Structures are given as C-alpha cells and as structure tokens.
Amino acid sequence: MKKFILSTVCLVASTFCFAQNKADAVVHLNQGQHQISRHIYGQFTEHLGRCIYDGLWVGEKSPIPNVNGVRKDIIDALKEIKVPNLRWPGGCFADEYHWMDGIGPREKRPKMVNTNWGGVVEDNSFGTHEFLNLCEAIGTEPYICGNVGSGTVEEMSKWVEYITSEGESPMSNLRKQNGREKPWKVKFWGVGNENWGCGGNMTAEEYANQYRRYATFCRDYGSNKLYKIAGGPNSTDTLWMETMMKDIPHFMVKGISLHNYTLTYNWENKGAATGFTEDDYFSLLSNGYDMNKIVSAHCAVMDKFDPKKEIGLVVDEWGAWYNVEPGTNPGFLYQQNTLRDALLAGVILNIFHQHCDRIRIANIAQMVNVLQALFLTKDDKMILTPTYYVFDMYKVHQDATMLPLELNSPAYSRQGRQIKAVSASASKDVNGKIHISFVNIDPEKAIEISCNLDGVTKEKLVSGNVITAPKVDTFNTFENPNQVTLKEFKDAKLKNGVLELKLPAKSLVTVELN
Ligand code: AHR
C-alpha cells in the first residue's frame, strides 16, 4: 500500500512538472489580416553620450574604416538587419537643436553645450547632411524630430524646405550651396519630443495648440508627402493621448508617439544591467510584459476617436533603462546588454506584432552605446549586443502579415507572482514563408511546445535559429565578442500539421516553414 501511495505521488508530481514544462499553441494560417509594418523595427540615434560621436561618427580622416565619416563596421551590420528607419537628432536634444548650426563647412559651425546630456560641448560636426548621407548609406528612411520646445515654426518649416524642396527657393538654394543638388526624400517628421517634459513642460492642451501651428507650416514639396507625428504621452498617460485625439484635427496628423521604457523597479531603482539577481530578472521581464497593457490602453483611446485606425501609434522610444555602468559619465546613459535584454526585446516585439493594426512605427532606444544598444564601441573595436541578434532574427517579420496565434503557456513564478514563460508571434511573408518566433524567459526550464498549424498544412519545416547563453546575464565583451549570437536551431519537427519543438531555457527561437 505504502509503495502504491509513493508511486502515485511520484507519478502525479512528475506529471505536474512535465505539464508545467509544456506549452501549446495554434497558429491560424489563413486568418492573417494586418501587416507588421517594417517600421516597427526602427532605430534611434540621439546626440547623447557616445551614440553619435565616438559611436557612429568618427570623421572622414579617422584611421577607423568609415563611409563619409561613419564607421563602416556599423554600416555593414545595419544593412544586415534591414533597418527601416532611423530617428534623429533626439530625444530631449531635439528640442534644443538648431539645425542651421549643423550645416555648411564643419570648421565654421558654431558649438553649443549639450545641457541635457552631460553638459559636453557639441561641435555640430554631425548635422543634417551627415545624417541623411548615413541614411542613404544604410538604405534606411530618415525620421527627423523637429524643435518645438525652444525653436520656432519658421525654423522647422525651413528645415523641411531645406531638405525636401526641389525648385527655386531660399532653402533649396542654400542646400545646393552646401553641396547637395537634389533634395532628399524625408517622410517622417516628429513635431517635438516629450513636450510634457524636456520638450517644454507643456500641458497637453498647450502642446496640441503648438502642434497645429507647426504642422500647418511644414509643407509637402513635390512628391515628398510628410508623415507628421505628434509628441505623444509618457507611458501610461492616456489623458494626454485623449487630448491629442480630440484637439488635433485628424487630417493634420499621421501618427502619435508613445515613449515607454522598461526599468527593473522604478526610476529611483532602475537596477543593474549585469550581475542582477533572479528577483531583478523577474521584475524587469514582468515590467516588459506591461507594454501590452500600456499599448492596449492607448489603442482603446485611439479607437474611440479613430475607429478606422487611420492614425498610427508610434512607439518611438522603448527599451531597457538601467543604472549607468559604474565609472562612466552619468549623463551618457551607457549600459551593458545581456541575454536578458534580448529576451525583453523578443517579448516586446511580439507585443508590437499583436498590435500591428495600430502600431505603425517603433524605435528602440538607442542604436549605439546608449541604453538598450545594438552596438557597443571602444576605439576601433565594435561588438554586436544580444539585442542586435534579436533584430537579425526578427527581420523576417518585416512587412509580413501577422498570423493570429493562441498560446497556452506555463507560468514563470517568483515570490508568489506569475508571468507567462513563453511569448510568441507568427507571420507570413510575401513569398508565403511562415515564421514563428518564441521566447522562453524561464531561466531554468526548457519548454516543449506543440504548435498546431490551423489551415493549409503543406508547409515544410525549412530552418530555425536560436539565441541563448549559459546565463541570463551573459554578455558580449570587446575581448570576448561572441558569447551571445544567433545559431542554427535543430530541435524542431513538423508532422501532420503539428510543429513540435523544444525551447531551451532562456532562449529565443524562430522557425521558418515554407
Ligand atoms: O533616450 C533617452 C531620453 O529618454 C530621450 O532623450 C528622451 O526623449 C527620453 O526621456
């Protein structure tokens, strides 16, 4: 009898554990409706710390290989991940930036103090031409943020004219004098940044009034049609969103921005980028999942005023924000980037996919040496961070049709709190290839997934890739740059319309079916 009870207990316990390590999903292959805009994979570069200077920009005379002054190793790596758009010059810096200081011969450009970021001298050597040449070199669309906080309507409208006007006009002539005959195409324009804070500390009503003036005088020249983006709310502030939707006539605005950073705990305790505890790890990822609630709340407000979803939600600053690396300038926001950041990026990109009917653009903050960076540089050395590899893995979803996915995930629990261990999303590209991405945030347990493909099931499993590492805080260093990379994934099989795969603990996996 005793033996029987014991073996029953063992059986129940093992069944429970086994069940805990299993997830099931259904992907509806024929029910895709909305496109995952490639612009969800945008990047952000601000005149902040070592992002532009010492990161991207080394100057034409540098011994570091460069294309028109921008590091060639970074340009090559950016082409690899098909960067769709690049936001510049800020951030908070944008509302203190006067673009005319950054054109013409570099030695004659005036200097300024970057009061937002470390009080360093900005010599304006990276300006409009340098930025737009960089975008051309990478093959990406520029996204320029204008100065509302300390600028004027005239200044911003002239910037649009300088860049995009073809014919005989004062600003077009000035551009030609500065060596650029043909105008550039620049569609995306942000009208100020965080105008509830560093962009002028305005009320929502004050900003909406400003927006209407600025937007009126930023003109379309020739075939260059502007996609104007209003400065949106901070994180959960749905009242700000409501005011934008009410006070800005909809014909004047294409997108409304949203900024939401992920912190380990709060702004007073942002946590460490490396060497964190499992509690810190859990808390950060749990806060990462909150992006879904935040985006959903803003979408609900937008739906009320714009049920046809004509205005896009533009999440043009997102990512993990930790305490700066010890020994670095606190105003430079330099932080390391671990496997945890890759997992966070996967979870958040899956959320953006699920809201792709409303989210049209997103920009991770920031591209080089600042916050959740894709690249870290030190003199002539450059490393790709774990987050870079997520953008490489997920590029297959760009402009693909999002496929509805139902997921039953085991929980990852810590101190009585629970979050889903698995996050997932799926899409079908223009060539009919299906990509399914899974993230397993459980730091200890591998999870077996059984994924039903509902619909036509002639697909074959073609390939898969995985990002994982020995520990959740493993990171790449200049001495050891390949600790976390993208590798081939073989632990998947497809039979009778069911995809079975074993997701390693703390990993991201994407499979391709054709
Ligand atoms: O990305 C760093 C800063 O965060 C940006 O300048 C600002 O817009 C935000 O507060």
Side-chain angles (χ1 to χ4, degrees), residues 42-53 55-56 85-97 112-120 122 126 131 143-151 188-202 207 211 229-237 240 244 255-264 266-268 270-271 273 287 291 294 313-325 328-337 341 344-345 348 361-376 385 387:
Q43 299 289 324
F44 173 34
T45 47
E46 178 166 9
H47 289 243
L48 191 180
R50 296 173 52 247
C51 184
I52 302 275
Y53 304 111
L56 276 174
N85 72 78
L86 183 55
R87 181 171 181 252
W88 173 84
C92 295
F93 181 78
D95 281 286
E96 235 174 353
Y97 181 61
M112 68 181 280
V113 177
N114 190 335
T115 53
N116 280 292
W117 305 117
V120 292
E122 160 68 59
F126 189 89
F131 171 67
Y143 168 10
I144 294 184
C145 186
N147 179 347
V148 171
S150 70
F188 300 125
W189 287 86
V191 179
N193 170 77
E194 297 194 353
N195 303 91
W196 39 263
C198 65
N201 286 302
M202 301 177 205
Y207 172 74
Y211 178 88
I229 300 162
N234 179 21
S235 190
T236 54
D237 186 356
W240 181 285
M244 295 307 111
I256 300 187
S257 102
L258 165 68
H259 290 181
N260 185 58
Y261 285 97
T262 306
L263 319 169
T264 307
N266 51 47
W267 285 105
E268 283 64 53
K270 298 189 283 296
N287 292 340
M291 180 68 94
I294 293 167
L313 182 61
V314 175
V315 192
D316 52 12
E317 287 188 29
W318 68 272
W321 189 323
Y322 305 113
N323 299 326
V324 295
E325 285 299 309
T328 64
N329 185 329
F332 281 14
L333 310 186
Y334 179 79
Q335 63 190 40
Q336 248 302 349
N337 193 293
D341 296 295
L344 175 75
I348 290 184
I361 304 177
N363 302 78
I364 188 167
Q366 299 193 5
M367 198 162 78
V368 192
N369 291 332
V370 170
L371 300 177
Q372 193 172 346
L374 275 70
F375 305 95
L376 299 178
T385 66
T387 300

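No hydrogens, no waters, no symmetry mates; every other heavy atom, side chains included, goes into these values. All ligand and atom numbering here is 1-based and tracks the order in the structure. Note that the coordinates shown come from a computational prediction; the quantities given were computed from them, not determined experimentally.
Taking the six-membered ring where the residue is Trp, Phe93 and His47 present parallel rings, their angle staying beneath 30° rather than reaching 60°. Ring geometry for Trp321 against Trp267 counts as perpendicular: the plane angle is over 60°, on a 0 to 90° scale with 30° as the lower cut.
For atom 4 (O) of ligand 1, the nearest protein heavy atom (residue, atom name, distance) is Glu317 OE1, 3.2 Å. The nearest heavy-atom contact from the protein to atom 6 (O) of ligand 1 is Glu46 OE1, 2.7 Å. For atom 1 (O) of ligand 1, the nearest protein heavy atom (residue, atom name, distance) is Tyr261 OH, 2.7 Å. Nearest protein heavy-atom neighbour of atom 10 (O) of ligand 1: Glu194 OE1, 2.8 Å.
In this structure, Asn193 and Glu317 approach most closely via the heavy-atom pair OD1-OE2, 3.3 Å. Nearest heavy-atom pair, Gln43 versus Asn363, reported as atom, atom and distance to 0.1 Å: O-ND2, 2.9 Å. Closest heavy-atom contact between Tyr97 and Phe126: OH-O, 4.3 Å. For the residue pair Glu96 and Ser150, the shortest heavy atom distance occurs at CA-OG, 3.6 Å.
Ligand 1 places these atoms under 4.0 Å from at least one heavy atom of Cys92: 5 (C), 6 (O), 7 (C), 8 (O). Annotation for ligand 1: atoms under 4.0 Å from non-hydrogen atoms of Phe44 are 1 (O). If you number the atoms of ligand 1 from 1 as listed, the ones under 4.0 Å from a heavy atom of Asn193 come out as 8 (O). Heavy-atom proximity to Leu371, at under 4.0 Å, picks out these atoms of ligand 1: 1 (O), 2 (C).
The proximity of Trp318 to ligand 1, defined as any non-hydrogen pair under 4.0 Å, does not occur for either the backbone or the side chain.
Paired with Asn287 under the rule side-chain contact (heavy atoms from CB on, under 4.5 Å), one option of Thr262, Asn266, Thr264 passes, and it is Thr262.
Considering backbone and side-chain atoms together, Leu48 places no N or O closer than 3.5 Å to any N or O of ligand 1.
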